[in-house]
Amino acid sequence: MAKALGGGFLKHGHDVMMGTRAPGKLADWAKQNGKAGIGGFADAAKFAELGVLAVKGAAATEALRAAGAANLAGKPVIDATNPIADAAPVNGVLKFYTSLDESQMERLQREFSNVRFVKAFNSVGNASMVNPRFPGGKPTTFICGNDEAAKRIVSGILDQFGWETADMGKAEAARAIEPLCMLWCIPGFLRNDWSHAFKLLA
Ligand SMILES: NC(=O)c1ccc[n+]([C@@H]2O[C@H](COP(=O)([O-])OP(=O)(O)OC[C@H]3O[C@@H](n4cnc5c(N)ncnc54)[C@H](OP(=O)(O)O)[C@@H]3O)[C@@H](O)[C@H]2O)c1
């Protein structure tokens with residue numbers, strides 16, 4: 001996921017630094033994407049004007065602590081994570097460790113109150129994240145977050161990445177946006193069909 005988005009930012013002319021616990025495992029990716037830097041989470045957080053959180057959902061807090069709250073303070077951070085539990089899906093339906101009254105992003109926003117989180121990119125597969133082409137036209141990414149300016153910045157990125165943006169409001173809307181990942185994955189688990197995206201018709 002991080003590789004797909006990192007490649008997208010490079011394609012659109014942005015500077016990129018990938019943060020990881022194990023820089024060596026990104027050596028091949030770094031060779032193919034010569035302009036990208038590779039470092040630890042804190043290096044990437046310091047480097048970023050805009051952060052992207054693309055780690056295993058249950059590790060998000062740990063990764064943000066490693067990145068350092070001070071290094072991300074005041075910065076927009078795209079939260080692409082999903083709170084997927086370790087338990088196996090039931091009839092293709094993933095299990096979440098959050099509830100419908102408290103999303104992953106709200107938890108992160110509460111602990112890292114100076115970070116301007118924007119939920120985005122969580123409910124599409126990594127193969128379709130950057131300038132996707134679907135017969136049904138441009139797909140929609142649902143976003144939310146408490147900071148309007150941060151959402152405008154992320155909408156600009158989504159525009160570059162070939163997406164329509166539907167702003168669903170404040171952080172609480174992540175309670176509805178995160179489960180779209182469950183819906184998106186069902187055809188994959190049931191029929192091995194992973195090539196689709198959502199579109200909001202109005
Ligand atoms: N794959 C997709 O198509 C897709 C689509 C939409 C949303 N997402 C979301 O994007 C996130 C990443 O998904 P993924 O598919 O790339 O695989 P993943 O296995 O969910 O996450 C892999 C990443 O998590 C990091 N990580 C794992 N445990 C960690 C820990 N204890 N502390 C810090 N970092 C840790 C790894 O960092 P290291 O590099 O240090 O190992 C690696 O970068 C997930 O939340 C997923 O729900 C994925």
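Values reported hereafter were calculated over all heavy atoms of this structure, with side chains retained and with hydrogens, waters and symmetry mates removed. Each ligand, and each atom within it, is numbered from 1 in the order the structure gives.
- Using cut-offs of 30° and 60° on the angle between ring planes, the pair H196 and W184 is tilted.
- Looking only at distances, a side-chain donor or acceptor of K75 sits under 3.5 Å from a matching main-chain atom of N71.
- Here the options are D79, T61, T81, the test is side-chain hydrogen bond (donor to acceptor under 3.5 Å, both in side chains), and the partner is Q104; only T81 passes.
- Protein residues having a heavy atom under 4.0 Å from any atom of ligand 1 are M1, T20, R21, K25, F41, A54, V55, K56, G57, A59, E62, A63, A80, T81, N82, I84, F121, N122, V124, G125, N126, M129, listed by chain and number.
- Using bins of under 30°, 30° to 60° and over 60° for the plane-to-plane angle, the ring pair F121/F161 lands in the tilted bin.
- Listed by chain and number, the hydrophobic cluster partners of F47 are M17, where partners are ILVMFWY side chains within reach of under 4.5 Å, directly or through others.
- The pair E102-R110 meets the salt-bridge criterion, since a charged nitrogen lies less than 4.0 angstrom from a carboxylate oxygen.
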